[in-house]
Amino acid sequence: MGKIAILAGPVADQIAAGEVVERPASVVKELVENALDAGATSITVSVEGGGRDLIRVGDDGTGMDRDDAVLSIDRHATSKIRRASDLIGVPTFGFRGEALASIASVSRFELETAPESGQGTRLTVRAGRLESVEETARTRGTTVTVAKLFANTPARRKYLRSPRSETRAAVEALTVLALARLDVAFTLSSDGRTRIEAPSVADIGERIAALFGRKLADQLLPVEYNDGYVTVRGFVQRPADAAASGRRAHLFVNGRPFRDPFLVRSAEAGYRATIAPGHRPTVFLAIEVPGDRVDVNVHPAKLEVRFRDRRFIEHAVEEAVRQALGVMDASARFGAEEHAPKSDARWGPAPSAPIAPSVPESYHSLFDETPSSVAASPVSGDLLQLFSTYIVFETPDGLTIVDQHSAHERVLYEDAMQQLSGRGAAGQRLLLPLTLDLTPDELEAIEEAGELLSAVGYEVEGFGGRSVVLHAVPNPHPRFDAHRCFEELVADLARGRFGGWANRLERFAAMYGCRAAIKAGHHLEQREMRSLLERLFACRLAPHDVHGRPSMVQLPKHELERRFGRA
Ligand SMILES: Nc1ncnc2c1ncn2[C@@H]1O[C@H](COP(=O)(O)OP(=O)(O)O)[C@@H](O)[C@H]1O
Ligand SMILES: [Mg+2]
């Protein structure tokens, strides 16, 4: 009994139709998705000439019997849905029954498949016409060979890029699927050279290392977040490692890769005030929502999805990232040792039964580690100040070194953000008001930023001409020089410094934090250091200053042990 049927006209009409085969990479994507839907545990891809000459995808999945094999290349032939309602929460990559038909119509196409070892079928298609069907002996699974892609559609062949860039696109297409399914082994070779070799793994860190190298894998922090019906899991780069170029951003929903520049921006928003403007962090985020909260049937190549409540998802992604960055482990580290995702860090759908009717239960419990949302103060024992600039203390896992200025900046930034968005802070009234002479630019800047200055505690009054009088000033620490800080702030405002910040409040809070914070070179008493650290660890993003630098670095105990040969 065959599994494949042709979708009824009205069902087929509800499916987002369009061109699925644009270039060799789309062929690779469609064929590998079919292999995954067929429950393959091992998938081998080879391309020649950038995929113009040949693309071959072999799998060890369920295979097809002879009737299904013949049906599979018809348009709207699918085993994955029957009714339009099956589209809600559809767990398979495919559901349109179009890929094989489209590919076969623009290539020399060969399909070899067997539902059980021994009983195979081999069929060939030329320019969309079934040419031959014969029996063949092969092991269970399917191999599709696509030769001379677009040979009969010269217009499309003309649009292909160089073999090198087509190969690169094919590698990227497989990379994305390899991130989605850790339980499957993938290889890709191009003109005989291995480009991807990713054995099945239980740990996303291992897969990331196999695809992008160990270095990136070691820079990642786990994300684990839940709010209402949405769960966000994944790995994001330590802020200190984010760079201006070369980042990767991969999103998945219910195990399905998708593109969404706006959600990537939400993830970046979670980094705000921890990385330098212009730096882009690498993120891998897997979102899970009930099947009816996301529509996957909106894009011809299924590259995009539509969430029912977009703002909620954007908020969840931003919060998930911010929470991941708030832990002690997010701080910068010494040593080349591994601080990679823990070995039980897994993600993505569980190995599902082929063409499972729904997402398996176990899918929801795969990430079992939960990083605490806010770093609890790890400070105990004596504090040491080095060079009148750094505060050093011991933690159970090693040695932590805090930069007193960066740390205070972080504290004042977060305080200022609260003051700016809340009632503001009362300044300290001056017995002798200060009179300052300013430039016209500076006077204008003060006028514009009047309510920001007063929110952090400055009470400023115009005095006619170029003078202003300060009646009250903030008091962030005993050595605070209110006069100098005010002048610097006003100069920053007038010069429009601190560009690149998302909004005006954040920009001002960062300026204020920077100018008001205790400087390097100031001696601090035990009591002062302790109170600074307590306030630092109460911050949301304690490990990072507001310019994209760390506020603390860690020397892990095991790194010491390694260096001294104790490990
Ligand atoms: N590698 C494969 N192994 C087993 N069955 C396959 C494979 N590739 C395709 N099929 C069968 O052929 C049908 C048509 O494939 P396709 O044209 O990609 O449409 P869709 O994936 O949307 O169903 C699938 O529904 C599936 O039953
Ligand atoms: Mg398909």
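Computed from a predicted model, the values in this text were never measured in an experiment. Every number for a ligand or one of its atoms is a count from 1 in the order of the listing.
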Checking N254 against V289 for the side-chain contact (heavy atoms from CB on, under 4.5 Å) test, could you report, in this order, the C-alpha distance in whole Å, the side-chain angles of both residues, the deciding distance, and whether it holds?
CA-CA 7 Å; N254 297 347; V289 294; 4.0 Å; yes
Evaluate the criterion side-chain contact (heavy atoms from CB on, under 4.5 Å) for residue pair E314 and L263; output intermediate values, then yes/no.
CA-CA 6 Å; E314 284 174 358; L263 270 188; 3.7 Å; yes
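For the pair G97 and ligand 1, a heavy-atom separation below 4.0 Å is found.
Close approach to A38 involves these atoms of ligand 1, each under 4.0 Å from a residue heavy atom: 3 (N), 4 (C). Contact atoms of ligand 1 toward S72: 12 (O), 14 (C) (distance under 4.0 Å to a heavy atom of the residue). Within the listing of ligand 1, atoms 22 (O) sit less than 4.0 angstrom from a heavy atom of R96. Close approach to I4 involves these atoms of ligand 1, each under 4.0 Å from a residue heavy atom: 11 (C), 12 (O), 13 (C), 27 (O). Those atoms of ligand 1 with a heavy atom of G94 less than 4.0 angstrom away are 21 (O), 22 (O).
Of all the heavy atoms of F93, none lies under 4.0 Å from any atom of ligand 1, so neither backbone nor side chain is involved. Residue A77 touches ligand 1 through its backbone alone, judged by heavy-atom distances below 4.0 Å. When non-hydrogen atoms are compared, ligand 1 lies under 4.0 Å from the backbone of E98 (N, CA, C, O) but not from its side chain. Within the 4.0 Å heavy-atom criterion, both parts of T78, backbone and side chain, lie near ligand 1. The part of D59 lying near ligand 1 is the side chain, judged by heavy-atom distances below 4.0 Å.
Between the side chain of D227 and the backbone N or O of A316 there is no donor-acceptor pair closer than 3.5 Å. Here the side chain of T282 pairs a donor or acceptor atom with the backbone of R248 at under 3.5 angstrom. Formation of a donor-acceptor pair under 3.5 Å by the H544 side chain with backbone atoms of L325 is found in this model.
When P115, S79, A101 are checked for heavy-atom proximity to atom 27 (O) of ligand 1, S79 turns out nearest.
Scanning all heavy atoms of the two residues, the minimum distance from A267 to V321 falls at O-CG1, 3.6 Å.
Note that the CD1 atom of I81 and the CG atom of L7 stand 5.0 Å from one another [nearest 0.5 Å]. Rounding to the nearest 0.5 angstrom, the gap separating the CG atom in L188 from the OG atom in S46 is 8.0 Å.
Residues S117 and R140 have side chains that never bring a donor and an acceptor to within less than 3.5 angstrom of each other.
Tested against I4 for a side-chain contact (heavy atoms from CB on, under 4.5 Å), the candidates D65, D68, D67 yield a single pass: D68.
Annotation: L100 places an N or O atom under 3.5 Å from an N or O atom of ligand 1; distance criterion only. Between M64 and ligand 1, a contact under 3.5 Å exists for no N or O pair. In terms of polar-atom proximity, defined here as any N/O pair under 3.5 Å, A99 does make such a contact with ligand 1. Ligand 1 has no N or O atom lying under 3.5 Å from any N or O atom of T62, backbone or side chain. For ligand 1, none of its N or O atoms has an N or O atom of G63 under 3.5 Å away. By the 3.5 Å distance cut-off applied to N or O atoms, D37 is not counted among the residues near ligand 1.
Taking the ring centroids of F312 and F307, they lie at or beyond the 6.0 Å cut-off.
Inclusion of T78 in the first shell of the Mg ion (ligand 2) is not supported: no N, O or S atom falls under 2.8 Å.
Note that K302 lies in the cation-pi zone of F95, set by a 6.0 Å cut-off to the ring centre and a 45° limit from the axis.
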